[in-house]
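Encoded as structure tokens, the structure appears first; notes follow it.
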Amino acid sequence: MADANHYDLVVVGGGPAGEKAAAQAAYWGKRVAIVDRAPQLGGAMVGGVVSSKTMREAALYLTGFRRRDVYDVSLDLTPEVATEHLRRRTDHVVQIMTDAATENMRRHGVDRINGRASLGTDRSFVVESSDGRAPRTISAQVVIITTGSSPFHPPGIPFDDPDVLDSDAAALLDHPLRSLVVVGGGAVGCEFASIFTALGAEVALVDSGTRLLPFMDAEISETLADTFRGMGMRVIQGAGRATAARTEAGLEVTLASGETLRPEKVIFAAGRIGNTSGLGLDAAGVATDERGRIVVDERYRTTADGIYAAGDVIGPPALGSVSMEQARVAACWAFDIPLKRAVDSLPPYGVYAVPEVAMVGLTEEAANAEGIPCASGRARFETNTRAAISGATEGMVKLVFGTDDLRILGVHVLGDAATELVHLGQSVIHFGGTVEYFIHTTFNVPTMSEAFKYAAYDGLRQVGR
Ligand SMILES: Cc1cc2nc3c(=O)[nH]c(=O)nc-3n(C[C@H](O)[C@H](O)[C@H](O)COP(=O)(O)OP(=O)(O)OC[C@H]3O[C@@H](n4cnc5c(N)ncnc54)[C@H](O)[C@@H]3O)c2cc1C
């Protein structure tokens, strides 16, 4: 009789990567278990992604942010009432997404095991439950580790103070703020800073670098910083290392310049570290780097035989979108499933700030650094009909293309629905398309997508065609 505690695949971690690895293998007939220390599936996808995005949508909707200027009216909601609606809406969406993950596992016949897993030798595990049940030992032919990441805590910052938050705690904020300092000008920092500005808080965004979102096109990040300032946010760049302390005067955030800010709360969005402590990786022969991230090869194999890893636990780009793809690819290699052999080399990046920012392919600076002769074309949303109708006129579509063959190299969008619009550019790059694709294609009018056409015309004008 088959051993009930032995599986073809055990996935450790029930976030988006774990769920997709488990479903992929189960779909191809494997006996699969998924272990998570949390009672609900979903990982940071529900705790971080869904919470922060729902908070964003609700903040825009409830406060009438932006529409206020269009109709010259404001919605009559106090910040307290708005935040209560916002919290309720977030809880509702989180529940929908955790239910969907649970149903996906049920439909694929995946066994769910709740508890904290630690690896032994030969791909065996002990799973300790938090509800007093006896530890369970399971084993597998293949293991995929998808235990995700946790916020990095810079040394010396008092995260035990209830007003000093990391990015996970920030996603759980449940009351309006008068004032907020966000330290970190990356994706998570820009998102929280702009959401709370839209909610009416006095916000300072403090970044040690000289520009926000340094991986994005420089022109787009500079326009984003200007847009933030136009919304009333204070953006402090090149600020060095910020510290926080509780004094008799209250919470104080001190910048390298010596300036002291006294916000109601401070959020440190300082990157993430791999969730690998206590997993027993040494015993299993799985190597990690200095930030606790699991080292993998191009097939997502770790240094231990039969053990794979995917998602945030292996490090950048640490996106839900890419994590899920890595996990599917890992499952395909592990069981020789003839579906996927590599993750898309052109993943889009999206930042759900107010306004959104998204990119795919090369920035203008990257193309120049690679020595590719290139030019760019822009269309600003201030002249776009759909944007004018909705009052979301900040931002642009920017196309970066080769001057020799007019091939699109990169697409950069700042503005409403940027994270959706960027996929059009992604398809054109994937199919080797040129600027002329946008010239000859008919777009619905009025749409934000139409901006691609005018960016293309602008691009051709730049190169004298
Ligand atoms: C505020 C915020 C906003 C974000 N916004 C976006 C976005 O807009 N778009 C995007 O693509 N990505 C976004 N991300 C990133 C995204 O959330 C992660 O890339 C994604 O969740 C990683 O998935 P994962 O499955 O690798 O890990 P996780 O989602 O972290 O899941 C790991 C799971 O492993 C479990 N686990 C850990 N250790 C053990 C153990 N020893 N035993 C058992 N279980 C264990 C945890 O309980 C958890 O459920 C955001 C993240 C944050 C924090």
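Indexing begins at 1, ligand by ligand and atom by atom, following the structure's order.
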(Q) With no hydrogens and no angle check, just 3.5 Å: does a side-chain donor-acceptor pair link Arg378 and Ser376? (A) yes

Distance-only check: which donor-acceptor pairs under 3.5 Å involve side-chain atoms of residues 9-16, not counting sequence neighbours?
none

Output, or 'none' if empty, a list of ligand 1-protein atom pairs in which both atoms are N or O and the distance is under 3.5 Å, rounded to 0.1 Å.
from: ligand 1; atom 1: 5 (N); to: Lys53; atom 2: NZ; distance (Å): 2.8
from: ligand 1; atom 1: 8 (O); to: Lys53; atom 2: NZ; distance (Å): 2.9
from: ligand 1; atom 1: 11 (O); to: Gly320; atom 2: N; distance (Å): 2.8
from: ligand 1; atom 1: 11 (O); to: Ser321; atom 2: N; distance (Å): 3.2
from: ligand 1; atom 1: 12 (N); to: Gly320; atom 2: N; distance (Å): 3.0
from: ligand 1; atom 1: 19 (O); to: Asp312; atom 2: OD1; distance (Å): 2.7
from: ligand 1; atom 1: 19 (O); to: Asp312; atom 2: OD2; distance (Å): 3.4
from: ligand 1; atom 1: 19 (O); to: Ala318; atom 2: O; distance (Å): 3.3
from: ligand 1; atom 1: 19 (O); to: Leu319; atom 2: N; distance (Å): 3.4
from: ligand 1; atom 1: 19 (O); to: Leu319; atom 2: O; distance (Å): 3.4
from: ligand 1; atom 1: 19 (O); to: Gly320; atom 2: N; distance (Å): 2.9
from: ligand 1; atom 1: 21 (O); to: Met45; atom 2: N; distance (Å): 3.4
from: ligand 1; atom 1: 25 (O); to: Pro16; atom 2: N; distance (Å): 3.3
from: ligand 1; atom 1: 25 (O); to: Ala17; atom 2: N; distance (Å): 3.0
from: ligand 1; atom 1: 26 (O); to: Asp312; atom 2: N; distance (Å): 3.0
from: ligand 1; atom 1: 29 (O); to: Ala44; atom 2: N; distance (Å): 2.8
from: ligand 1; atom 1: 38 (N); to: Arg37; atom 2: NH1; distance (Å): 3.4
from: ligand 1; atom 1: 41 (N); to: Ala117; atom 2: O; distance (Å): 3.4
from: ligand 1; atom 1: 42 (N); to: Ala117; atom 2: N; distance (Å): 3.0
from: ligand 1; atom 1: 44 (N); to: Arg37; atom 2: N; distance (Å): 3.1
from: ligand 1; atom 1: 47 (O); to: Asp36; atom 2: OD1; distance (Å): 2.7
from: ligand 1; atom 1: 47 (O); to: Arg37; atom 2: NE; distance (Å): 3.4
from: ligand 1; atom 1: 49 (O); to: Asp36; atom 2: OD1; distance (Å): 3.3
from: ligand 1; atom 1: 49 (O); to: Asp36; atom 2: OD2; distance (Å): 2.6

His153 meets the ring-ring contact (aromatic ring centres under 6.0 Å, His included) criterion, sequence neighbours left out, with Phe159

Does some side-chain heavy atom of Ile138 sit less than 4.5 Å from a side-chain heavy atom of Ser124? no

The single option from Thr363, Thr223, Asp217 that satisfies side-chain hydrogen bond (donor to acceptor under 3.5 Å, both in side chains) with Lys398 is Asp217

Atom pairs and distances, side-chain donor-acceptor, residues 206-215, under 3.5 Å, sequence neighbours left out:
from: Asp207; atom 1: OD1; to: Gly185; atom 2: N; distance (Å): 3.0
from: Arg211; atom 1: NH1; to: Met216; atom 2: O; distance (Å): 2.8
from: Arg211; atom 1: NH1; to: Ser221; atom 2: OG; distance (Å): 3.0

